[in-house]
Student: 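First the structure, which I've put down as C-alpha cells, then a few questions once you've had a look.
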There are 2 protein chains.
Amino acid sequence: MSIRQGFLALLSEEPMGGYQLRQEFEARTGGTWPLNIGQAYTTLQRLERDGLVEPVPDDAGAGAGADTPAESRGERYRLTAAGRAEATSWWQRPVERNAPARDELAIKLALAVTIHVDGHGVDVGAVVQRQRTETLRALRDYTRLKKDAAADGPGLAWTLVLDSLIFAAEAEVRWLDHVEASVLRAAHAHPVVDPPVVEPAKTTTTPKTTKNTHTKAGR
Amino acid sequence: MSIRQGFLALLSEEPMGGYQLRQEFEARTGGTWPLNIGQAYTTLQRLERDGLVEPVPDDAGAGAGADTPAESRGERYRLTAAGRAEATSWWQRPVERNAPARDELAIKLALAVTIHVDGHGVDVGAVVQRQRTETLRALRDYTRLKKDAAADGPGLAWTLVLDSLIFAAEAEVRWLDHVEASVLRAAHAHPVVDPPVVEPAKTTTTPKTTKNTHTKAGR
DNA sequence: ATGGTCATACTTACCGGGTAAGCGTGCGGC
DNA sequence: GCCGCACGCTTACCCGGTAAGTATGACCAT
C-alpha cells in the first residue's frame, strides 16, 4: 500500500513514468527500501486500472512548459481527479494501528515461552541474547549511516528514515531486556522442573558451562 | 515467513492438523494476529510440498499413546527430519534486520518533507500531529489490554506481545516528536518562502488559527 | 565510423502472504 | 427432530514483490 500511495504523492508534483517514479522514490527515501522495477510498473498499471492515473498525451508534453523534463522519453502518467483526491487524503489521515502488522520476532518470543519439546522448554534466554546481538549490530549500522548522512547532507528525508529505524531498534532492545526479565520473574514465581532444551552446541566452549551455571543460579 | 516458522515450532511439540494449528497459533499469541483458515491450510500445503511435514498415517494415531488428542478427527501432520532441523534452527538464528520491512509511516514522512505541489510543501506538522493522535490512541488501547491481560492471567505470551506493541508505539511517538523538532530546526536553518499547503479544513475552528499563528512565530 | 558499456524503459512469469466465501460433518441444546 | 455452532477443508482470487529478460539510446574509447 505504501508504494502505491508514494507514487500518488510523487505524481502530485509532476507527471512521471515508471522508471522515474522508481528513481524518485529511492532518492527521497535514501535507498532504504530498494524498489524492484517490475513492482514499479505493476503498481503503475494498477493505479491506471483503478482510475487514479492516466497516460499523458504526447502533444501535451510540448505545451507543458519549460519545466517538463525533456529527458524523459517513455510513457508518462499524471493523476486523475480521483487520484489527486486520494493523494491529498493520504496526508490527512493517519496510518492506522488497529491491526498491527505481523512481527516475526514477537511471534517467535510468544511461541518460545509456550513451546515444549520432549518435556523441555525453549531456551528463551539464549534466543533473546542472540536477537539482542543482532539488533544492536543493526543499531550500530543505522547510527553510522546517520553520521555519514549528516556529513554528506543528502537531505532531511533520509535522516528521518534512519531515525525511525534507530528509534525502532532501540525499542526492540528494551523490549528484549523486558522479555528476559519477565521470563526470569515467571520462572521464580512458578519454579518447574523444566530445564531448557540442550541445544546442539557448535563447540564445547565456555558459553555452555556459563549457561548451565546461570540456570542453576536462577533456581 | 513467520506463520510458516510458527507452524513448524508448534508441530515440534506434537502432530496437528490445519484447524488445530490455527487455534494454537492464535491462542498463544493472544489473537493479536488472526489467522485466516485459508492461509493456515495453504501454509501447511507448502510445508508438505517443501518436504518439511508429512501426514501422520491413520494407524499411527492408535499407537501414539494416551497423550494423542483423540478429539482431533481431521488429517494430521508431523515434522519430517528436515522440518525438525528447520524448526530447531529458527530458535538459533536471530531475525535479521539487514533489510528492514517497508514502513508506510516512515515513507510517508520522508515524502512529506520533500513533496511540493504547486509550489507548496506538505503541512508536515499537521501530518505529524494527526499521526501522533492515532498512535497515542493505539498506545492507550494496548495499555488497557495489558491491564486486562494481567488480571485474567491468560499467559505470559500475550503480555509479551502486548509489551512489544507498547514499546513500538512509544518509540513511534518519540520519533514523531523528533520529526517535528527536526523539521522546525530545518525551517529555521533554511527559511524559505514556502508556506504549507492550505489543506481543505473540515471546520473553521481554532486549530487553523493556531496553526497560522504558530507558523508566523516560527519565521 | 564502430563497438562496447551503461542508463533508460519495460515485460513476463512466478512466488508468497493473505482473504472471503462456500461446503460438509458432527454434536449439543432446545 | 431441528438448528446453530464447532470442526474441517477447499477454492478462486488479490496484492506485494522479484528475477530474468529484452530493447533502445547515449556516451566513450578505439
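Letters go in sequence order (proteins before strands), and every chain restarts at 1.
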Student: Roughly how many Å is it from CG in Leu44(A) to P in dA9(C), rounded to a whole number?
Tutor: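 Distance, rounded to whole Å: 13 Å.
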Student: Nearest whole angstrom, please: distance from the C1' of dG17(D) to the CZ of Phe25(A).
Tutor: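 After rounding, the gap between these two atoms is 13 Å.
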Student: Distance check needed: dG17(D) P versus Glu26(A) CD, whole Å only.
Tutor: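 These atoms are roughly 13 Å apart.
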Student: Verify the contact: side-chain N or O of Gln23(B) to OP1 or OP2 of dG8(D), cut-off strictly under 4.0 Å; return yes or no.
Tutor: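 No, no such contact exists.
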Student: In whole Å, what is the span from the OH atom of Tyr19(B) to the P atom of dG26(C)?
Tutor: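 Nearest whole value for this atom pair: 16 Å.
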Student: Output all residues satisfying salt bridge (charged side-chain N to carboxylate O under 4.0 Å, His left out) with Arg144(A), sequence neighbours left out; order by chain, then residue number.
Tutor: Asp141(A)
Student: Could you work out, with salt bridge (charged side-chain N to carboxylate O under 4.0 Å, His left out) as the rule, every residue matching Glu24(B), not counting sequence neighbours?
Tutor: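 Testing Glu24(B) for salt bridge (charged side-chain N to carboxylate O under 4.0 Å, His left out), a comparison that skips the adjacent residues, returns Arg28(B).
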Student: Can you list every pair that meets salt bridge (charged side-chain N to carboxylate O under 4.0 Å, His left out) and has a residue in residues 87-97 of chain A, with sequence neighbours left out?
Tutor: Glu86(A)-Arg93(A), Arg97(A)-Glu172(B)
Student: Look at the side-chain N and O atoms of Tyr41(B) and state whether any lies under 4.0 Å from the OP1 or OP2 oxygen of dT10(D).
Tutor: no
Student: What pairs meet the salt bridge (charged side-chain N to carboxylate O under 4.0 Å, His left out) rule with one or both residues in residues 32-52 of chain A, with sequence neighbours excluded?
Tutor: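 Qualifying pairs, neighbours excluded: Arg4(A)-Asp50(A).
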Student: Glu75(B) has an atom CD; how far is it from atom C1' of dT25(C), in whole Å?
Tutor: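 Taking atom C1' of dT25(C) as the reference, CD of Glu75(B) is at 16 Å.
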Student: Does Gln45(A) make a side-chain N or O approach to OP1 or OP2 of dC10(C) shorter than 4.0 Å?
Tutor: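 Negative; the distance criterion is not met.
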Student: So does Asp177(A) pair up with Arg132(A), basic N to acidic O under 4.0 Å?
Tutor: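 Yes, charged N to carboxylate O under 4.0 Å.
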Student: By salt bridge (charged side-chain N to carboxylate O under 4.0 Å, His left out), which residues pair with Glu104(A), not counting sequence neighbours?
Tutor: none
Student: Please determine whether a side-chain nitrogen or oxygen atom of Gln20(A) lies at a distance below 4.0 Å from atom OP1 or OP2 of dT8(C).
Tutor: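 Checking Gln20(A) against dT8(C): no side-chain N or O falls below 4.0 Å of OP1 or OP2.
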Student: Using a 4.0 Å heavy-atom cut-off, write out nucleotides 15-20 of chain C from 5' to 3' as B (base contacted by protein), S (sugar-phosphate only) or - (no contact).
Tutor: -BBSBB
